[in-house]
Amino acid sequence: MTASRARRIAVRRSAVHGRGVFALRDIPADARIIQYRGDVLTWELAQIRYEEPADCVEGHTFFFDRGDGTVIDGGSNGNSARYINHGCDPNCEAFEHAGRVYIYAAREILAGTELLLDYQLQLDDPRDPELRRPYGCSCGAVSCRSTMLAP
Ligand SMILES: [Zn+2]
């Protein structure tokens with residue numbers, strides 16, 4: 001561990017949703033913050049795994065959509081990256097590298113700020129209001145589009 005890899009994020013209660021991940025120190029733009037770990041599943045399997053509606057609401061925030069029909073289930077073998085909340089004006093971005101997903105700072109993140117990621121979730125039928133309902137967003141950003149789903 002080098003000094004630059006000292007702990008710079010922590011999981012705390014969030015005003016946005018449940019728990020969130022916060023910067024403990026200033027994080028420069030473009031810094032790689034953490035790998036998003038967890039089981040890789042197809043959306044179908046993920047939905048079966050979290051069939052119960054209550055679990056689904058709790059569980060979907062732990063899914064990282066890889067955009068290819070698979071998700072990373074941070075709720076299983078995951079790390080604290082699963083607590084990064086959705087925000088419509090995110091300060092983090094995720095990039096895939098050699099099959100792994102890493103969270104990067106999209107801009108400088110000051111100590112004490114909550115890390116937010118635009119989930120941009122994809123649904124099989126994004127116009128179905130029943131399917132859309134659990135993915136509502138109230139992040140408070142001026143640009144909030146009221147959903148965690150992809151525009
Ligand atoms: Zn929002």
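Ligands are counted one by one from 1 in listed order, and the atoms in each one are counted from 1 as well. Residue numbers count from 1 along this sequence.
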Tell me yes or no: between the side chains of Glu114 and Asn85, is some donor less than 3.5 Å from an acceptor?
-> yes
Taking only residues two or more places apart in sequence, or in another chain, which ones meet Glu96 in a salt bridge (charged side-chain N to carboxylate O under 4.0 Å, His left out)?
-> Arg66
Asp89 with Arg145: basic N within carboxylate O range, under 4.0 Å = no
Applying side chain to side chain donor-acceptor pair (under 3.5 Å), name anything that partners Asn77, two or more places apart in sequence or on another chain.
-> Asp39
Under the side chain to side chain donor-acceptor pair (under 3.5 Å) test, residues paired with Arg19 that sit two or more places apart = Tyr83
Answer whether the closest heavy-atom distance between the side chains of Gln120 and Asp65 falls below 4.5 Å.
-> no
Protein N, O or S atoms lying under 2.8 Å from the Zn ion (ligand 1), listed by chain and number | Cys88 SG, Cys137 SG, Cys139 SG, Cys144 SG
